[in-house]
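So the structure is just underneath, and the comments pick up after that.
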Amino acid sequence: MLIDPPRLEESEQLVAIAEATSFFDSEEVRVVREMLEEYFAASDASEYIWIVYRDAPEMPPLGFVCYGPVSMSDDVYDLYWIAVDPQHQSKKIGSALLKFVEEDLQKRHARQLYIETSDTEKYIPTRAFYVRRGYDQVAHFTDFYHPGDGKVIYRKVFGEK
């Protein structure tokens with residue numbers, strides 16, 4: 001197992017993972033692509049932190065996560081995307097990526113991590129994933145994304161300052 005930053009030549013593989021999950025609609029896939037382009041254009045200055053999971057250094061990514069600081073907040077972060085290739089789900093890859101994010105944020109002295117997701121039936125396993133990992137539901141907005149598709153926000157609080 002290796003968790004490290006993505007390589008430029010892996011951009012389309014990461015977009016393909018997002019598409020393959022069937023959780024990303026075409027607009028979200030477009031945004032994933034744009035965020036990757038921004039990241040690779042100025043990775044040292046990008047507000048986005050991208051990390052991939054691979055079985056070995058020479059192997060392609062099997063999953064990715066993107067997170068970053070919340071604008072105008074004090075040490076608060078958002079998790080923007082987490083995705084695992086459907087052929088490799090249920091192998092603890094998502095858990096490994098989320099654990100990496102949490103450990104990284106603790107090193108950065110983050111206070112909180114927020115994650116938003118849909119309230120539709122399709123996302124029941126996603127919401128359960130976050131709850132099992134110690135995230136608290138802190139908000140629920142009905143009909144947020146579209147009629148019948150609300151937004152649920154989860155939060156994990158790290159060590160108090």
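Computed from a predicted structure; not experimentally measured.
One N or O on the side chain of Y123 and one on the backbone of F23 form a donor-acceptor pair closer than 3.5 Å. Counting only distance, with no hydrogens or angles, the side chain of R54 and the backbone of M59 share a donor-acceptor pair below 3.5 Å. With hydrogens and angles ignored, the 3.5 Å screen pairs no side-chain donor or acceptor of Q112 with any backbone N or O of Y77.
Q13 and P61 make their closest contact through OE1-CD, 3.7 Å (heavy atoms, listed as atom of the first residue, atom of the second, distance). Here the closest non-hydrogen pair linking G63 and I17 is N-CD1, 4.0 Å. The heavy-atom pair separating A96 from M1 by the smallest distance is CB-SD, 4.1 Å. C66 approaches M35 most closely through the heavy-atom pair SG-CE, 3.6 Å. Nearest heavy-atom pair across G94 and I82 is O-CD1, 3.7 Å. Listed here is the closest heavy atom pair of R111 and D74: NE-O, 2.6 Å.
One finds the OH atom of Y154 at 12.5 Å from the OH atom of Y135 (value rounded to the nearest 0.5 Å). Rounding to the nearest 0.5 Å gives a distance of 7.0 Å between CD of E10 and CZ of F40. Rounding to the nearest 0.5 Å gives a distance of 8.5 Å between CG of L113 and NZ of K156. Between the CD atom in E47 and the OG atom in S71 there is a gap of 5.5 Å [rounded to 0.5 Å]. Going from atom CG of D4 over to atom CZ of F100 covers 8.5 Å, rounded to the nearest 0.5 Å. One distance of note links CG of L2 with CD of E58; it measures 9.5 Å at 0.5 Å rounding.
Both Y80 and L36 belong to a common hydrophobic cluster when Ile, Leu, Val, Met, Phe, Trp and Tyr are linked at side-chain heavy-atom distances under 4.5 angstrom. Under the 4.5 Å side-chain heavy-atom criterion for grouping Ile, Leu, Val, Met, Phe, Trp and Tyr, V29 is connected to V31 within one hydrophobic cluster. Y67 and I153 end up in different hydrophobic clusters when Ile, Leu, Val, Met, Phe, Trp and Tyr side chains are linked at under 4.5 Å. Hydrophobic clustering (side-chain heavy atoms under 4.5 Å, transitive across Ile, Leu, Val, Met, Phe, Trp, Tyr) groups L8 together with Y48. Under the 4.5 Å side-chain heavy-atom criterion for grouping Ile, Leu, Val, Met, Phe, Trp and Tyr, Y114 is not connected to V65 through any hydrophobic cluster.
A salt bridge links K99 with E103: the distance from a Lys NZ or Arg NE/NH1/NH2 to an Asp or Glu carboxylate oxygen falls below 4.0 Å. Electrostatic pairing of E37 and R33 does not count as a salt bridge here, judged by no charged N lying under 4.0 Å from a carboxylate O.
L97 places a side-chain heavy atom less than 4.5 Å from the side chain of I51. Within the 4.5 Å cutoff, the side chain of Y39 has heavy atoms near those of the P5 side chain. Side-chain contact between T117 and K151 is absent, with no heavy-atom pair separated by less than 4.5 Å.
More than 12 heavy-atom neighbours from other residues, nucleotides or ligands sit within 6.0 angstrom of NZ on K122. Heavy-atom neighbours of E121 CD from other residues, nucleotides or ligands within 6.0 Å: at or below the threshold of 12.
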Test side-chain contact (heavy atoms from CB on, under 4.5 Å) on V131 and Q137; report intermediate values, then the result.
CA-CA 8 Å; V131 170; Q137 180 180 322; over 6 Å; no

V52 and I3: side-chain contact (heavy atoms from CB on, under 4.5 Å), yes or no, with the steps?
CA-CA 6 Å; V52 300; I3 297 178; over 6 Å; no

Determine, stepwise, if the pair F158 / L105 fulfils side-chain contact (heavy atoms from CB on, under 4.5 Å).
CA-CA 9 Å; F158 300 111; L105 292 181; 4.1 Å; yes

Yes or no on side chain to side chain donor-acceptor pair (under 3.5 Å) for D149 and S118, after CA distance, side-chain angles and deciding distance?
CA-CA 6 Å; D149 187 359; S118 170; 2.5 Å; yes

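The aromatic ring centres of W81 and F64 sit 6.0 Å or more apart.
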May I have the list of side-chain donor-acceptor pairs in residues 138-148 shorter than 3.5 Å, sequence neighbours left out?
residue: H140; atom: NE2; partner: D119; partner atom: OD2; Å: 2.7
residue: D143; atom: OD1; partner: G148; partner atom: N; Å: 2.6
residue: Y145; atom: OH; partner: E116; partner atom: OE2; Å: 2.8

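R133 and S95 form a side-chain donor-acceptor contact under 3.5 Å, judged by distance and modelled atom types alone.
Annotation: side chain to side chain contact (heavy atoms under 4.5 Å, CB included) contacts of V70 (sequence neighbours excluded): S73, V76, D78. Under the side chain to side chain contact (heavy atoms under 4.5 Å, CB included) criterion, Q87 pairs with D85, not counting sequence neighbours.
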